[in-house]
Amino acid sequence: HDVTLFETQAVQFKCHCSHEKMASAVQLLGFDDAMDLLMTHKKVTVTCEFCNQHYDFDNSEVRALFTENSGHDAQLIN
């Protein structure tokens, strides 16, 4: 077998999470489950399991995710 040696590269930590990607995760929960979380916790928190960054979504953000992208008539949760 032939062995190929490559140039060395510095190792660095780099996560590609973003608010937009975590918003997609909230949408994957579905409208009903997201609304249940809002009623219980007053926000939906998504944590990136790679870098441990927390993303919080309040009721207006969650409502907008489902209203703009899926046609749900989301009600504001107080």
Side-chain angles (χ1 to χ4, degrees):
H1 297 278
D2 292 333
V3 175
T4 304
L5 296 176
F6 296 98
E7 293 291 325
T8 59
Q9 295 181 354
V11 176
Q12 62 180 331
F13 177 81
K14 189 172 185 180
C15 184
H16 298 284
C17 70
S18 68
H19 192 268
E20 292 77 23
K21 288 180 181 178
M22 296 304 152
S24 294
V26 173
Q27 288 177 309
L28 288 174
L29 285 174
F31 178 76
D32 292 334
D33 287 338
M35 292 298 125
D36 286 345
L37 283 171
L38 283 174
M39 290 185 70
T40 304
H41 302 287
K42 304 299 182 201
K43 64 182 177 180
V44 175
T45 301
V46 181
T47 302
C48 174
E49 295 296 327
F50 185 71
C51 69
N52 204 36
Q53 175 72 36
H54 302 281
Y55 295 88
D56 292 329
F57 297 86
D58 64 17
N59 54 19
S60 62
E61 290 174 304
V62 173
R63 184 174 46 121
L65 285 174
F66 288 98
T67 302
E68 293 170 4
N69 297 321
S70 66
H72 281 286
D73 184 21
Q75 296 176 346
L76 187 63
I77 305 295
N78 290 323

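- For Asp56, the salt bridge (Lys or Arg N to Asp or Glu O under 4.0 Å) partners two or more places apart in sequence, or in a different chain, are Lys43.
- Contact between Val44 and Ala34 at its shortest, heavy atoms only, is CG2-O, 3.9 Å.
- Partners of Asp58 under the side chain to side chain donor-acceptor pair (under 3.5 Å) rule, at least two apart in sequence or in another chain, are Ser60.
- Within the structure, salt bridge (charged side-chain N to carboxylate O under 4.0 Å, His left out) contacts touching residues 5-16 (residues at least two apart or in different chains) do not occur.
- Scanning for ring pair (Phe, Tyr, Trp, His ring centres under 6.0 Å) contacts around Phe13 gives Phe50, with sequence neighbours left out.
- Within the model, atoms CZ of Phe31 and CG of Leu65 stand 11.5 Å from one another, a figure rounded to the nearest 0.5 Å.
- Under a 4.5 Å side-chain heavy-atom cut-off, the cluster of Ile, Leu, Val, Met, Phe, Trp and Tyr residues that includes Phe6 has no other member.
- In summary, of the residues considered (His16, Lys21, Met22), a side-chain contact (heavy atoms from CB on, under 4.5 Å) with Ser18 occurs for Lys21 alone.
- When the ring pair (Phe, Tyr, Trp, His ring centres under 6.0 Å) test is applied to Phe57, the partners found at least two apart in sequence or on another chain are His19.
- Think of Leu28 as one node in a network of Ile, Leu, Val, Met, Phe, Trp and Tyr side chains linked at under 4.5 Å; it has no links at all.
- Every side chain to side chain contact (heavy atoms under 4.5 Å, CB included) that His54 has, sequence neighbours left out, goes to Thr45, Thr47, Asn52.
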